[in-house]
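Okay, so here's the structure we're looking at.
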Amino acid sequence: MKFTAEQIAGILEGEVVGNPNAEVSRLSKIEEGEEGSLTFLANPKYINYIYTTKASVTIVNDSFVPEAEITTTLIKVEDAYASFSKLLHFYNQVKLNKNGIEAHSFISEGTKYGENLYLGSFSYVGQNVVLGDNVKIYPNSFIGDNVVIGDNVYIFAGAKIYSETVIGNNCTIHSGTIIGADGFGFVPNEEGVYSKVPQIGNVIIEDNVDIGANTTIDRATLGSTIIRKGVKLDNQIQIAHNVEIGKNTVIAAQSGVAGSTKIGENCMIGGQVGIAGHLIIGNNVRLQAQSGVARNIKDDEILQGSPSLGYGDFNKSYVHFKNLPKIVAELDELKKQIINPKNGNNG
C-alpha cells in the first residue's frame, strides 16, 4: 500500500517541504533509507544522515533547518519521534485490517460473530462461540467450544484457545500461544502411580492484555485462572492453573508461575523468574531477572537472587560472594597464626 507525503502530513498534521506527491510504501531507519521508504529524524546524533539518506520522505521537527542540499521530502511536525510512533500505530492497523472468511476454515453451528471478522485459512471455530466486532483470527488457529472473545482482538497464526475461555476487548494473542490447556494436576496412589485430576475450570483474560508468542496459560482445576486488565506477558511464559495476575503487571520471557499463586497490580517481573505455588505477591513488586521466589512478598518489595533476597541485601551479599576466595585465604592464614603464633607477624 502506497501513501503520498501529502497524505501522511494530513495524518500527522504536519507541513510538507518538498514534493507532496512523493510516494512511500515501507518504513526504514534513516541510515538505511531507500527510494520509496519513509523515515524520521529525532536524535541529533543522526543528523548527518539527513543529507545522505535515499528515503523518499523524512519526518523532522519543526525546528530543523537544513545546512546543505537534501533530496528527501520533509514533513515538519512538532515532535518527530511521537509522530513517527503514531504513524507506526496507524501503519500496523492498516496492515492488520483483514476481513472475510478464507477458504478451508470452519465455523461450527451456533457461533455468533460481529462486524469485520477475519478468519484465516485452516482455522477452526467450535460450537457456541461468540466473537465480537473486528476480531482477527489468523490461519491455523483453533477456537474451542463456548469461547467468548470481545471486540478488537487479534489472534495470530497457530494460537490455540481451549473451550470455555473468556477474552476481553483490545487483546492481542501471538502465534503459538495456548490458552486453557489442562493444569498440571496429578495425585499419586500407594504404588506411586499418578492419576489425573480433571481440570474443569477455565481461563479469563480481561481487556487490553497482550500475550507473547508460545506462552501457555492453564485452565483452573475449579474456578478460573485470571489475567486482569492491562497485563503484558512476554514470549515463552508459563502461567499455571488458578493463578491470578493483577492489573497492569508485566512479565518478561521464560518466567513461570506455579499453581494458585496470586500476583498483585503494577508488578514488574524480569526474565526467567520462577515463582512457587500458593503464594501471595503484593502490589508494585519488582522481581529482578532469574529470581526464585518461594515466599509471600509484601507490597513495594524489590527482590533478586535464588532464593530471592531484598535487592539491597543481594547486592551487598554479592560483593562478599565475589571475594570469597580471598576471604577464605585470609581465614586460613588467621588459623595458622592462631595455631602457631610464632609464624605470625607480632609487630
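Computed over heavy atoms, backbone and side chain alike; hydrogens, waters and symmetry mates excluded.
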Requested in this report: Flag the pair V257 / I263 as yes when at least one side-chain heavy-atom distance between them is below 4.5 Å, and no otherwise.
Outcome: yes

Query raised in the report: Which heavy-atom pair separates N146 from E164 by the least distance, and what is that distance?
Result: ND2-OE2, 2.7 Å

Requested in this report: Assess whether atom NZ of K196 is packed by more than 12 heavy atoms of other residues, nucleotides or ligands within 6.0 Å.
Outcome: yes

Report summary line: Here the pair of heavy atoms bringing K298 nearest to V285 is O-CG2, 3.4 Å

Query - K262 atom NZ, neighbour heavy-atom count above 12 within 6.0 Å - result: yes

Query raised in the report: Given side chains that start at C-beta, do those of T172 and F156 come closer than 4.5 Å, heavy atoms only?
Result: yes

Requested in this report: Quick one: sort the F186 and Y194 rings into parallel, tilted or perpendicular, breaks at 30° and 60°.
Outcome: perpendicular

Requested in this report: Report the C-alpha distance between Y91 and F3 in whole Å, list the side-chain angles of each, state the deciding distance to 0.1 Å, and finish with yes or no for ring-ring contact (aromatic ring centres under 6.0 Å, His included).
Outcome: CA-CA 10 Å; Y91 176 81; F3 295 90; 7.7 Å; no

Query - Residues R295 and E301 bridged, charged N to O under 4.0 Å - result: yes

Requested in this report: Working to the nearest 0.5 Å, report the span between CD1 of I59 and CD1 of I8.
Outcome: 6.5 Å

Report task. For N214 and N235, indicate whether the former's side chain and the latter's backbone hold a donor-acceptor pair under 3.5 Å. Result -> no

Query raised in the report: Rounded to the nearest 0.5 Å, how far apart are CD1 of I179 and CD1 of I205?
Result: 3.5 Å

Query raised in the report: How many angstroms lie between NZ in K136 and CD1 in I155, if you round to the nearest 0.5 Å?
Result: 12.0 Å

Query raised in the report: Under 4.5 Å between side-chain heavy atoms, hopping through other hydrophobics if needed: is there a path connecting Y162 to V135?
Result: no

Query raised in the report: Counting heavy atoms not belonging to Y51, are there more than 12 under 6.0 Å from its OH?
Result: yes

Requested in this report: If the plane angle is over 60° it's perpendicular, under 30° parallel, otherwise tilted; pick one for F122 and H104.
Outcome: parallel

Query raised in the report: Distance from I161 atom CD1 to I173 atom CD1, nearest 0.5 Å?
Result: 4.0 Å

Report summary line: Taken in chain and number order and not counting sequence neighbours, the residues that satisfy side-chain hydrogen bond (donor to acceptor under 3.5 Å, both in side chains) with S163 are R219

Query raised in the report: When you look at OH of Y154, are more than 12 heavy atoms from neighbouring residues, nucleotides or ligands closer to it than 6.0 Å?
Result: yes

**Report entry** Note, E78 side chain near E13 side chain (heavy atom, < 4.5 Å)
**Finding:** no

Query raised in the report: Just how far is it from atom CD1 of I251 to atom CD1 of I245, taken to the nearest 0.5 Å?
Result: 4.0 Å

Query - same_hphob_cluster(I75, L88) at 4.5 Å side-chain heavy-atom cutoff - result: yes

Requested in this report: Decide yes or no on salt bridge (Lys or Arg N to Asp or Glu O under 4.0 Å) for K232 and D210, but give the supporting numbers first.
Outcome: CA-CA 5 Å; K232 311 299 180 188; D210 282 60; 3.2 Å; yes

Query raised in the report: Does R286 pair with D300 as a salt bridge, N-O distance under 4.0 Å?
Result: no

Query - R228/E244 salt bridge by N-O under 4.0 Å criterion - result: yes

Query raised in the report: Taking a hydrophobic cluster as the set of Ile, Leu, Val, Met, Phe, Trp and Tyr residues connected by side-chain heavy atoms closer than 4.5 Å, whether directly or through intermediates, do L87 and V24 fall within one such cluster?
Result: yes

Query raised in the report: Does the side chain of N202 come within less than 4.5 Å of T165's, by heavy atoms?
Result: no

Query raised in the report: Quick one: are V293 and L287 in side-chain contact, heavy atoms under 4.5 Å?
Result: yes

Report task. Calculate, to the nearest 0.5 Å, the distance between atoms CD1 and CD1 belonging to I217 and I211 respectively. Result -> 3.5 Å

